[in-house]
Every structure is written in C-alpha cells, then in structure tokens.
Amino acid sequence: MLTLLRKIRRSLMASGSTRRYFLYAIGEIALVVIGILIALQINNWNTFQQERQKEKKALENLSRSIELNINRIASTLSGIDRNNVSGRIILHVIENQLPFSDSLGNHIHRALLNNSNLVISNSGYESLRSTGFDIIQNEALKNEIINLYEDTYLRLYRQQEWGRTVRPDFDNYLMDRFIRKARGLTPMDFDKVSRDHYFYGLVNTAEAQRGFYKRHYTTALEETRRVLQLLKDELNGVK
C-alpha cells in the first residue's frame, strides 16, 4: 500500500499538476486519519472486552459469596426452628414440674441458644470493592449490591450485638449450675434450676431473641435471593 502511494506521489510531482497533487495530499491525510480512528476503535473495543471480563469475574465471585450467605442464613433459620422446639419442651417441663431425664440435656442446650452467631461472607464484596464498583456497568445492579452489604447485612451485624451482650453473666451461670456433656447440659440440681426464675427467664429471653432474629434473617434471606437473581440475569448478558 505504501509503495503504491509513493508511486502515485512521484507521478503527480513529475506531472507538475499542483491541483492533482493537492487533492492527493488531502486523500493521503484522510487515509492516515481513518487508519488512526480504526486503530483507536480496535483499542477501545479490546479495552471494553477486557473490562467486561473483569466485570464477569467480579460478579461470579460475588455470586458464589452470596450463595454461601443464602446457605448460611437458611441453615440458621432451620436451627432457630429446631431450638424453638427445644425451648417449648423445657418450658413445658418447668411449668408442669416434670422430672429430669437424660434426653432433656440437649434440649436445655438448644433452648438457651439465641442464634445470634450468623456469619456473613464478605469476600466477594471486598474483592469487588478492591476492583472498583465502577467495573459494573449496570448502575441499578451496583446500587442493589451495595445496599445488600452496606444496609441489610450491616443491620444484621448490629442487631446480633444485642444477642451477644444482653446476658453478660450467662457463661458463669451455666458453669455454676450445669455440667457439659456430649448430650448437652446436665443440671447439677434440676429441681433447684427448674424453680430458678432466672433460668426460666433465660429460656424465655432466648426464645424472644430467636423470634426477633428469625424475622430479620428471613427478610435478609429474601433480599439476598433477589440480588442473586439480579446477578445471574446480569451474568447471562455479560459475554
């Protein structure tokens, strides 16, 4: 191509036609400009494709992290239901002054759990934060992700603080009155414990806390599933 252009240039210069040479010069400049624009377009396209691959990887990592959260929240909710059953059994035994049996040991343990130990996975979100939120083209999706982690999950973390601080002497109380065994907690003196209003209050408080967390965990689970579906829809459109 360059050889042909040189031949044309020499031919026009030899002919002495200024007008033709001027038109040729304009055409050559136009070709150079077009070539530059094409090169820029190709470079922009390559950059765009690289950014989309980064976005896809970030969304896939986040999806795996969110799927883990869904499993953890669902498992915690199942645990709450199981612990509520144990709580009702222990309250029934206390209220009806029934004797202790070995099978109650595990129920006592579960009845006192308030399920304030849910751990949310932030790895995918922190990775996305490190990459930069601007990598996500879908502005609405980006806002949904940020709201999930910075609002929904943050509120869960703060709410769980209540479950961890409301019973400051809980461990000491158990240590003084119960023996930990493979089948749960065995009271040193069940008759004394069953008449202890503080123990009765602990069981009731744990049940109230589980009810509180169940409501908020259920809302968080629904929100997490919704955002995961948005992520999957977006990934289907990212090539």
Side-chain angles (χ1 to χ4, degrees), residues 63-124 147-149 151-171 173-175 177-187 190 193-194 196-232:
S63 293
R64 286 191 289 270
S65 185
I66 287 180
E67 286 174 346
L68 178 59
N69 287 338
I70 288 174
N71 292 334
R72 286 179 176 178
I73 297 172
S75 177
T76 301
L77 285 170
S78 296
I80 286 175
D81 290 337
R82 185 170 58 249
N83 295 340
N84 280 340
V85 171
S86 292
R88 286 191 290 271
I89 290 173
I90 296 303
L91 290 176
H92 175 76
V93 169
I94 292 174
E95 290 166 359
N96 291 277
Q97 299 181 345
L98 300 178
F100 178 79
S101 63
D102 288 342
S103 62
L104 291 178
N106 205 25
H107 289 303
I108 291 175
H109 173 69
R110 289 176 177 172
L112 295 171
L113 297 175
N114 58 26
N115 294 95
S116 61
N117 57 343
L118 174 65
V119 178
I120 293 295
S121 171
N122 292 312
S123 59
N147 286 338
L148 178 65
Y149 279 87
D151 182 28
T152 302
Y153 289 166
L154 188 60
R155 276 189 287 109
L156 281 184
Y157 175 77
R158 289 171 177 168
Q159 288 160 354
Q160 287 183 106
E161 284 297 310
W162 171 49
R164 289 189 283 265
T165 59
V166 73
R167 301 180 297 180
D169 61 341
F170 179 65
D171 289 335
Y173 180 85
L174 293 185
M175 190 180 301
R177 293 165 178 80
F178 293 85
I179 300 173
R180 292 186 182 276
K181 294 185 177 181
R183 293 180 60 83
L185 294 170
T186 299
F190 182 70
V193 168
S194 65
D196 188 345
H197 294 298
Y198 185 76
F199 176 72
Y200 187 81
L202 284 176
V203 176
N204 273 298
T205 298
E207 183 176 34
Q209 289 177 322
R210 288 194 298 268
F212 172 81
Y213 289 128
K214 183 174 183 176
R215 291 192 296 274
H216 290 283
Y217 290 165
T218 299
T219 299
L221 181 60
E222 293 171 353
E223 182 68 8
T224 304
R225 284 173 171 163
R226 187 180 67 82
V227 173
L228 178 61
Q229 187 58 55
L230 293 175
L231 276 169
K232 289 182 176 180

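Residues passing the side-chain hydrogen bond (donor to acceptor under 3.5 Å, both in side chains) test with Thr76, sequence neighbours excluded: none. Annotation: ring pair (Phe, Tyr, Trp, His ring centres under 6.0 Å) contacts of Tyr173 (sequence neighbours excluded): Tyr198. Ser86 meets the side chain to side chain contact (heavy atoms under 4.5 Å, CB included) test with His107, Arg110; sequence neighbours excluded. For Arg155, the salt bridge (Lys or Arg N to Asp or Glu O under 4.0 Å) partners are Asp151, not counting sequence neighbours.
Two residues are said to be in side-chain contact when any heavy atoms from C-beta on lie closer than 4.5 Å; Leu112 and Val203 meet this criterion. In this structure, the side chains of Val227 and Thr152 stay at 4.5 Å or more apart for every pair of heavy atoms. Here the side chains of Ser116 and Gln209 are not in contact, with every heavy-atom distance at 4.5 Å or above. Annotation: side chain of Asn114 is not in contact with side chain of Phe212 (no heavy-atom distance under 4.5 Å). At a threshold of 4.5 Å between non-hydrogen side-chain atoms, the residues Leu174 and Arg180 count as touching. Counting heavy atoms from C-beta outward, Gln159 and Leu156 have side chains that approach closer than 4.5 Å. You'll find the side chain of Ile70 reaches within 4.5 Å of the side chain of Leu221, heavy atoms only. Under the 4.5 Å side-chain criterion, counting only non-hydrogen atoms from C-beta, Tyr153 is not in contact with Leu118.
Of all heavy-atom pairs spanning Leu228 and Ser63, the tightest one is CD1-O, 3.9 Å. Across Ala111 and Gly87, no two heavy atoms sit closer than the pair CB-CA, 3.6 Å. Closest of all the heavy-atom pairs between Ser65 and Tyr149 is OG-OH, 3.7 Å. For the residue pair Lys181 and Thr186, the shortest heavy atom distance occurs at CD-OG1, 3.5 Å.
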Can you list, pair by pair, the side-chain donor-acceptor contacts under 3.5 Å of residues 90-99, counting residues two or more places apart and other chains?
from, atom 1, to, atom 2, distance (Å)
His92, ND1, Asn96, ND2, 3.1
Glu95, OE2, Tyr200, OH, 2.6
Asn96, ND2, His92, O, 2.8

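With hydrogens and angles disregarded, no donor-acceptor distance shorter than 3.5 Å links the side chain of Asn69 to the backbone of Ile120.
Sorted by first then second residue, the salt bridge (Lys or Arg N to Asp or Glu O under 4.0 Å) pairs that include residues 203-217, not counting sequence neighbours, are Asp81-Lys214.
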**Item:** Stepwise side-chain contact (heavy atoms from CB on, under 4.5 Å) check, Leu68 with Arg64
**Value:** CA-CA 6 Å; Leu68 178 59; Arg64 286 191 289 270; over 6 Å; no

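Between Arg225 and Glu222 there is no salt bridge, since none of the side-chain N atoms of the basic residue sits less than 4.0 Å from a carboxylate O of the acidic one.
Taking the six-membered ring where tryptophan is involved, the planes of Tyr217 and Tyr213 are essentially parallel, since the angle between them stays under 30° and well short of 60°.
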